[in-house]
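Chain A is the first sequence line, chain B the second, and so forth, proteins listed ahead of strands; every chain is numbered from 1.
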Protein chains: 2
Amino acid sequence: MDVLKKLRDVKLRPTKQRILLANLILDGKNKHFTAETIQKEVSTKGHNISLATIYNCLNKFVNVGLLKQIDQQGEVTIFDTNVSHHHHFLNQNTGELTDIEPNEITFSKFPKIPRGFQNDGVEVLIKIRD
Amino acid sequence: MDVLKKLRDVKLRPTKQRILLANLILDGKNKHFTAETIQKEVSTKGHNISLATIYNCLNKFVNVGLLKQIDQQGEVTIFDTNVSHHHHFLNQNTGELTDIEPNEITFSKFPKIPRGFQNDGVEVLIKIRD
DNA sequence: ATCTAGTTTAGAATAATTCTAACCTGTTGA
DNA sequence: TCAACAGGTTAGAATTATTCTAAACTAGAT
Ligand SMILES: [Mn+2]
Ligand SMILES: [Mn+2]
Ligand SMILES: [Zn+2]
Ligand SMILES: [Zn+2]
């Protein structure tokens, strides 16, 4: 599908930079990437977009739902005195975490671990808000 | 239980700073905190520990298993072209994320959402390694 | 008391992201 | 068609979390 239409649909002005990025990113394949890796890809294609613009664009794309950001709990490291395996509620209003004991969550269906790998821990994050 | 013994058990020299921190942190209650918030608590108690030392100590505590760090996927923002609700494998060897479709995971037991709050999304992270 | 490896510290360094403010460009409607 | 302007881009500065550096300090062993 046309990238121009995609941008117009979400009311983002289709600038050279946004068209270039959208063509790289929104090709229908599932990808995970960072601002830096995208900038390198742009570079490889013989173009140049400033890092500020990359961030501006990606953040706009997130705002309009063309992309999402993988959940981080903010930008500071959070330490936890509960060192045993457990899960968390994340209060989206405050950023506060609350423990969920592992026996509070069980699975009736669970994906096959990819061949050659082993399960190294499962963490469930339940986002809540009031 | 004695904080001196706790430190000796994990072969950390019980310095003034570590004793102070251990007394604040390792009181048996489950807490989530940051380096900065702990430094403020120290301050409130009329003491002072440099931020470098706070980080040094907390990181040591993590290394010996007295604390753990809440999972962040590194320190850079990761964007995802898959904007629908889904889960992830995290390859611990490479840091790479892979999508898990939400119908691949179902729960047979799920915790009650705290009173006054509503469920705002569930994310499962399955850590794998080879 | 002495020695030494490990620890603390102030401040510099690093690195991801955002901000600033000047310049540029897509779109609109006369 | 094209001037006007709202919105977009950019280089570089600012911000901020964390780590590093290197000098001073100290717990524990002898
Ligand atoms: Mn940030
Ligand atoms: Mn960092
Ligand atoms: Zn916890
Ligand atoms: Zn994904």
Side-chain angles (χ1 to χ4, degrees), chain A residues 2-25 32-40 42-43 45 47-64 66-80 95, chain B residues 2-25 32-40 42-43 45 47-64 66-80 95:
Chain A
D2 189 14
V3 141
L4 276 200
K5 176 163 171 18
K6 264 185 199 152
L7 290 171
R8 292 219 172 89
D9 280 353
V10 295
K11 300 187 167 36
L12 287 182
R13 209 182 264 182
T15 64
K16 254 197 309 288
Q17 291 81 352
R18 285 179 182 161
I19 292 167
L20 221 165
L21 288 176
N23 272 316
L24 275 182
I25 288 169
H32 303 96
F33 54 84
T34 69
E36 291 258 342
T37 60
I38 281 299
Q39 197 189 34
K40 279 195 195 91
V42 167
S43 210
K45 288 251 192 301
H47 300 90
N48 181 65
I49 305 180
S50 78
L51 200 50
T53 299
I54 304 262
Y55 276 110
N56 287 342
C57 289
L58 295 183
N59 287 336
K60 288 261 180 181
F61 286 5
V62 169
N63 291 340
V64 300
L66 287 174
L67 281 183
K68 73 174 181 182
Q69 259 187 42
I70 297 298
D71 263 298
Q72 321 137 271
Q73 271 76 60
E75 48 217 31
V76 288
T77 299
I78 297 169
F79 296 91
D80 192 341
Chain B
D2 189 14
V3 141
L4 276 201
K5 175 161 173 18
K6 262 184 203 155
L7 289 172
R8 292 218 172 87
D9 281 354
V10 295
K11 299 185 167 39
L12 286 182
R13 208 183 265 183
T15 65
K16 256 199 306 289
Q17 291 82 352
R18 285 178 183 162
I19 292 167
L20 222 166
L21 288 175
N23 273 317
L24 276 181
I25 289 169
H32 303 96
F33 54 85
T34 69
E36 290 257 343
T37 60
I38 280 299
Q39 196 189 34
K40 280 196 192 89
V42 167
S43 209
K45 288 250 190 303
H47 300 91
N48 183 65
I49 305 181
S50 79
L51 199 50
T53 299
I54 305 261
Y55 275 110
N56 288 342
C57 289
L58 295 183
N59 287 335
K60 289 260 179 181
F61 287 6
V62 169
N63 290 340
V64 300
L66 287 173
L67 281 183
K68 72 174 181 182
Q69 260 187 42
I70 298 297
D71 264 299
Q72 323 138 269
Q73 272 76 59
E75 48 217 30
V76 288
T77 298
I78 297 169
F79 296 90
D80 192 340

* What residues in residues 11-22 of chain B put a non-hydrogen atom under 4.0 Å from any atom of DNA chain D? ->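 Arg13(B), Pro14(B) - these, ordered by number, are the residues of the stretch whose heavy atoms sit under 4.0 Å from the strand.
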Reported [atom1]-to-[atom2] distance for the pair [X] and [Y], which is rounded to 0.5 angstrom:
| X | Y | atom1 | atom2 | value |
| --- | --- | --- | --- | --- |
| Ile38(B) | Leu51(B) | CD1 | CG | 11.5 Å |
| Ile54(B) | Gln39(B) | CD1 | CD | 5.0 Å |
| Leu24(B) | Lys45(B) | CG | NZ | 5.5 Å |
| Leu67(A) | Phe33(A) | CG | CZ | 4.5 Å |

* Asked: Thr34(B) near the nucleic acid: base, sugar-phosphate alone, or nothing, with a heavy-atom cut-off under 4.0 Å?
  ->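 The answer is nothing, as Thr34(B) stays clear of every strand by at least 4.0 Å.
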* Structure fact -> Result for 5'-nearest mapping on DNA chain C, choosing between Ile78(B) and Asn48(B), is Asn48(B)
* Asked: Residues two or more places apart in sequence or in another chain: which of them pass side-chain contact (heavy atoms from CB on, under 4.5 Å) with Gln72(A)?
  ->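 Partners of Gln72(A) under the side-chain contact (heavy atoms from CB on, under 4.5 Å) test: Gln69(A), Thr77(B).
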* So, is Asn59(A) close to the dT18(C) phosphate, meaning a side-chain N or O under 4.0 Å from OP1 or OP2? ->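 Yes, Asn59(A) has a side-chain N/O under 4.0 Å of OP1/OP2 on dT18(C).
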* **OP1 or OP2 of dT9(D) under 4.0 Å from side-chain N/O of Thr53(A)** => no
In terms of side-chain heavy atoms of [X], which of [options] is nearest?
| X | options | result |
| --- | --- | --- |
| Cys57(B) | dC19(C), dC20(D), dT8(C) | dT8(C) |
| Glu36(A) | dT27(C), dA10(C), dA16(C) | dA16(C) |
| Ile49(B) | dT9(D), dT9(C), dA17(D) | dT9(C) |

Gap between atoms [atom1] and [atom2], on [X] and [N] respectively (whole Å):
| X | N | atom1 | atom2 | answer |
| --- | --- | --- | --- | --- |
| Gln39(A) | dA15(C) | CD | P | 15 Å |
| Ile54(A) | dG8(D) | CD1 | P | 16 Å |
| His47(A) | dT9(D) | NE2 | P | 15 Å |
| Leu4(A) | dG26(C) | CG | P | 11 Å |
| Asn56(B) | dT9(C) | CG | C1' | 9 Å |
| Gln72(B) | dA17(D) | CD | C1' | 10 Å |
| Leu7(B) | dG6(C) | CG | P | 17 Å |
| Leu51(B) | dT9(C) | CG | C1' | 11 Å |

* With sequence neighbours excluded, residues passing salt bridge (Lys or Arg N to Asp or Glu O under 4.0 Å) with Asp80(B) -> none
* To do: Report the residue (Lys60(A) or Ser50(A)) whose heavy-atom-nearest nucleotide on DNA chain D is the more 5′ of the two.
  => Lys60(A)
* Asked: Has the side chain of Arg18(A) got a donor or acceptor atom that lies under 3.5 Å from a matching backbone atom of Cys57(A)?
  -> no
